[in-house]
Amino acid sequence: MTIIETPAGWPADEEEALAVQDALRARVVLDEPGPAPGTGLVTGVDVAYDDERDLVAAAAVVLDARTLDVVEEATAVGRVSFPYVPGLLAFRELPAVLAALDTLTAGPGLVVCDGYGLAHPRRFGLASHLGVLTGLPVVGVAKNPFTFTHEDPAPRRGSTAPLLAGAQEVGRALRTRDGVKPVFVSVGHRVTLDAACAHTLALTPRYRLPETTRLADALCRRALREATAGQGSAA
DNA sequence: GCGACAG
DNA sequence: ATCTTGTCGC
């Protein structure tokens, strides 16, 4: 496991963060199909917090996209560097995620993260931001709707309903299990929405959430526990 | 102005 | 995100 270093020039407040989103938004690539679902590597990333101790832990779990077997794992621990602000989640999560990704031996392949990409107030959510900073293909799979309205998808696995920003489809509510609440998929970088949904379905043979998300979630929580173990909160 | 609001 | 008991169902 590694220690997180906040990237140089990382925004210190909301105003700077908004300016960064404005500057980077144009670098998002939306016209590449991305890797074929079920092939190569897929990497899940997630972050857990201990606000009490001002600690954050990130995990990256690399899977064989065909078998969903774990190929490699990485974690990183450090200090929280930005508060949670809706629309600015990337500034809170990415330093930790980047640190974890940096320690991977193999290329991560396609990255799946919790949260949104294009389906964002300024069309530059966490998944897009991560894609632009790393150059990797990234998709966002969120557990809850953000600010976009949508119809309820049909009850069968695979059914979708568009997330609409006016007339633009910025993402999809995707049913990954029969009769279970959908997940919310959007494009991050270098992947199409169709492919992002196909990847999400390939990663959900059994549960509502992608295996990548489940494994990364479990791993970053464990990393946080281990970082906390034995450490009193003495000042 | 007020409420809603990924993790 | 995180705090938390029991409970319903396969």
Side-chain angles (χ1 to χ4, degrees), chain A residues 4 10-11 14 17-18 20-21 25 28 44-61 75-101 111-132 138-150 157 162-165 170-174 176-189 193 196 200 205-210 212-225 227-228 233:
Chain A
I4 297 165
W10 204 249
E14 294 190 26
L18 290 171
V20 169
Q21 290 186 333
R25 184 170 36 197
V28 175
V45 294
D46 195 18
V47 180
Y49 300 93
D50 182 338
D51 291 320
E52 195 78 357
R53 299 188 173 96
D54 191 40
L55 283 178
V56 55
V61 180
T75 59
V77 175
R79 296 288 177 186
V80 175
S81 59
F82 205 89
Y84 171 65
V85 179
L88 300 178
L89 179 62
F91 299 96
R92 179 166 171 82
E93 302 225 326
L94 287 190
V97 168
L98 292 168
L101 284 174
V111 177
V112 178
C113 56
D114 290 20
Y116 286 104
L118 235 205
H120 175 274
R122 290 168 295 281
R123 305 293 180 273
F124 195 71
L126 173 63
S128 304
H129 202 143
L130 179 59
V132 165
V138 183
V139 308
V141 180
K143 298 181 282 297
N144 301 292
F146 194 2
T147 56
F148 299 95
T149 58
H150 64 89
R157 163 175 158 91
L163 260 43
L164 295 175
V170 294
R172 272 176 207 155
L174 170 65
T176 53
R177 307 301 304 162
D178 289 356
V180 173
K181 172 181 174 173
V183 297
F184 304 90
V185 178
S186 64
V187 162
H189 185 60
L193 183 54
T200 302
R206 177 135 193 227
Y207 298 101
R208 173 187 176 232
L209 297 179
T212 39
T213 301
R214 293 165 38 77
L215 292 167
D217 179 74
L219 182 56
C220 67
R221 291 192 199 215
R222 175 153 52 95
L224 189 61
R225 283 204 319 270
T228 290
S233 52

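Side-chain atoms are counted along with the backbone in the values below, which use heavy atoms only and exclude waters and symmetry mates.
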Nearest-Å distance for atom pair CZ/P, residues Arg92(A) and dG7(B): 13 Å

DNA chain C stem ranges, 3 or more consecutive Watson-Crick or G-U pairs under 3.5 angstrom: none

SB check Asp50(A) Arg53(A) (cutoff 4.0 Å): yes

Between dA1(C) (P) and Leu209(A) (CG): distance, integer Å: 9 Å

Spacing of Leu88(A) atom CG relative to dA1(C) atom P, expressed in whole Å: 18 Å

Check: Ile4(A) and Arg79(A) side chains under 4.5 Å, non-hydrogen atoms: no

Stacking of Tyr84(A) on dG7(B) base (centres under 5.5 Å, planes under 30°): yes

Asp114(A) and Lys143(A), any side-chain heavy atoms less than 4.5 Å apart: yes

Non-hydrogen atoms of Phe82(A) and Val85(A) that approach each other most closely: CE2-CG2, 4.4 Å

Integer-rounded Å distance: dA1(C) P and Leu224(A) CG: 13 Å

Any side-chain heavy-atom pair of Leu55(A) and Tyr49(A) under 4.5 Å: no

Flag side-chain contact, heavy atom, 4.5 Å: Arg177(A) against Leu209(A): no

Sugar-phosphate only, base, or nothing, as touched by Asp50(A) at under 4.0 Å among non-hydrogen atoms: nothing

Rounded distance (Å) that lies between atom P of dT2(C) and atom CD of Glu52(A): 14 Å

Distance below 4.0 Å between Tyr49(A) side-chain N/O and dG7(B) OP1 or OP2: no

Spacing of His150(A) atom NE2 relative to dA6(B) atom P, expressed in whole Å: 12 Å

Sugar-phosphate, base or nothing in reach of Leu163(A), heavy atoms under 4.0 Å: nothing

Nearest heavy-atom neighbours spanning Arg123(A) and Ser128(A): O-OG, 4.4 Å

Sugar-phosphate, base or nothing in reach of Pro121(A), heavy atoms under 4.0 Å: nothing

Presence of Asn144(A) side-chain N/O under 4.0 Å of dG7(B) phosphate oxygens OP1/OP2: yes

Protein proximity profile, nucleotides 3-10 of chain C - base contact B, sugar-phosphate-only contact S, no contact -, cut-off 4.0 Å on heavy atoms: --------

Consecutive-pair stems (at least three Watson-Crick or G-U pairs, under 3.5 Å) that include DNA chain B: none

Close side-chain approach of Phe91(A) and Glu14(A), heavy atoms under 4.5 Å: no

Integer-rounded Å distance: dA1(C) P and Asp51(A) CG: 12 Å

Verdict with supporting geometry, Leu18(A) and Arg122(A), side-chain contact (heavy atoms from CB on, under 4.5 Å): CA-CA 9 Å; Leu18(A) 290 171; Arg122(A) 290 168 295 281; 3.4 Å; yes

Minimum side-chain heavy-atom gap Gln21(A)-Leu88(A) below 4.5 Å: yes

Shortest non-hydrogen contact between Pro95(A) and Ala90(A), atoms and distance: CD-O, 4.1 Å

Length of the CZ-P vector between Phe91(A) and dA6(B), whole Å: 17 Å

Sole residue of Val170(A), Leu118(A), Thr149(A), Leu193(A) in side-chain contact (heavy atoms from CB on, under 4.5 Å) with Leu163(A): Val170(A)

Nucleotide of dT2(C), dA6(B), dG7(B) approaching Tyr116(A) most closely (side-chain heavy atoms): dA6(B)

Touch class at under 4.0 angstrom, heavy-atom based, for Ala48(A) against every strand present: sugar-phosphate

Arg214(A) NZ/CZ over Tyr207(A) ring centroid, <6.0 Å and within 45° of normal: yes

Sugar-phosphate, base or nothing in reach of Gly87(A), heavy atoms under 4.0 Å: base

Distance below 4.0 Å between Lys143(A) side-chain N/O and dA6(B) OP1 or OP2: no

